[in-house]
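The next block holds one structure in the form of structure tokens; read it before the comments.
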Number of protein chains: 2
Amino acid sequence: MKFRRSRQRESILELLRSTKTHPTASWIYDKLKIEFPRLSLGTVYRNLNILTQQGLINKIDCGSTFDRYEARNHPHYHFICEQCGSIFDLNTPVMKNLNNRVSELENITIKRHMIEFFGLCEKCKK
Amino acid sequence: MKFRRSRQRESILELLRSTKTHPTASWIYDKLKIEFPRLSLGTVYRNLNILTQQGLINKIDCGSTFDRYEARNHPHYHFICEQCGSIFDLNTPVMKNLNNRVSELENITIKRHMIEFFGLCEKCKK
DNA sequence: GTTCATGCAAATCGTTTGCACAATG
DNA sequence: CATTGTGCAAACGATTTGCATGAAC
């Protein structure tokens, strides 16, 4: 796939680079509506996908478009297969002191954390 | 809010407790359709929300129903405010050896990981 | 018998897509 | 001029909700 330049896409990238927040598509749409009065949300989504493909921006996701549930038993981390999307519980011990360590470093109060590890599961590795 | 018991809700909890997978609502729906032929997806969703409220199950999420984007610069972790949903980049150094450590422990190949810390941000703390 | 839960269908919301036209190289 | 990007509107898929009926306490 070959990409051409477009003023819309360049403005989206510029806008994302200029902010420390983690915008949603509609936030971007609202901002750029001033520069491009005829802009459509579809264009924003299309360009966000292209920029992600190009590795110029990151989409913050958990590896699934579905809500997923689990019966709470004990704290644990997750391993998510990048190919098939399966989620596995890990036995790796939870870092209990991590919240406190980071709280001190950042000067905020952290109550909990989640870690997702990504890679290929047994089946997809073959 | 007061909750009554319902056979549907109890079966959903039982099902979630009996599996090591991380089911979606429709997977649960399919399984329970045998026991409750008139079951509706709405009921599954309602009960999943109630069970989550009661703390009996976990919903695996990243703190946002919107896709969020950021311009990639350097690896970092995220802090997410449990109240307002804001996402902040942390300066805490990334644990480069974590992938390898966990890979050895679990005997799988981990390529990357994400950490989200949760708590209350400056504004919401007040 | 009052309140909560259910089934059903319609509505909602974020995101994607088909199409005709405009912009890029 | 061949191809990619745009705006617009319709479609999509996961989740939620309104309503009349049924179950729980």
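Quick caveat: nothing in here was measured; it's all calculated off a predicted structure. Letters go in sequence order (proteins before strands), and every chain restarts at 1.
Place B:Asp67 and B:Ile50 on DNA chain C by their nearest nucleotides, and B:Ile50 ends up nearer the 5' end. Where B:Lys33 and A:Leu41 each meet DNA chain C at their nearest nucleotide, the meeting point lying more 5' is that of B:Lys33.
What separates NZ of A:Lys2 from C1' of C:dT24 is a distance of 10 Å, to the nearest Å. The interatomic distance linking A:Arg4 (CZ) with C:dA23 (C1') rounds to 8 Å, in whole Å. If you take CZ of B:Phe36 and P of C:dG7, they are 8 Å apart, rounded to a whole angstrom. Between A:Ile60 atom CD1 and C:dT15 atom P the separation is 13 Å, expressed in whole Å. Atom CD of A:Gln53 is separated from atom P of D:dG5 by 10 Å (rounded to the nearest Å). Taking atom CZ of residue B:Arg46 and atom P of nucleotide D:dG18, one finds them 11 Å apart after rounding to whole Å. Look at CZ on B:Arg38: it is 10 Å from C1' on C:dC8, rounded to the nearest Å. For the pair B:Glu35 CD and C:dT6 P, the interatomic distance rounds to 13 Å; values are reported in whole Å.
For C:dA5, the OP1/OP2 oxygens have no side-chain nitrogen or oxygen of B:Thr43 closer than 4.0 Å. At the phosphate of C:dT6, OP1 or OP2 sits under 4.0 Å from a side-chain N or O atom of B:Ser6. Checking the phosphate oxygens (OP1, OP2) of C:dA23, no side-chain nitrogen or oxygen of A:Gln8 falls inside 4.0 Å. For the pair A:Ser40 and D:dC8, the criterion of a side-chain N or O lying under 4.0 Å from OP1 or OP2 is not met. Contact annotation: B:Asn47 reaches the phosphate of C:dT6 (side-chain N/O to OP1 or OP2, under 4.0 Å).
Looking only at distances, no side-chain donor or acceptor of A:His78 sits under 3.5 Å from a matching main-chain atom of A:His76. A donor-acceptor pair under 3.5 Å is formed between the side chain of B:Thr52 and the backbone N or O of B:Leu48. The backbone N or O of B:Tyr29 sits nowhere less than 3.5 Å from a side-chain atom of B:Ser26 that would complete a donor-acceptor pair.
Under a 4.0 Å N-O distance rule, the pair A:Glu82/B:Arg112 qualifies as a salt bridge.
For B:Leu39, the side-chain atoms get nearest to C:dG7 when compared with the rest of C:dG7, C:dC4, C:dG25. Considering only the side chain of A:Phe3, D:dG5 comes nearest among D:dT15, C:dT15, D:dG5.
Within 4.0 Å of B:Phe66, counting heavy atoms only, lie sugar-phosphate atoms of the nucleic acid but no base atom. Residue B:Arg9 is classed as a sugar-phosphate contact, given heavy-atom separations below 4.0 Å to backbone atoms only.
Between B:Phe117 and A:His113, the two ring planes are tilted [angle within 30° to 60°].
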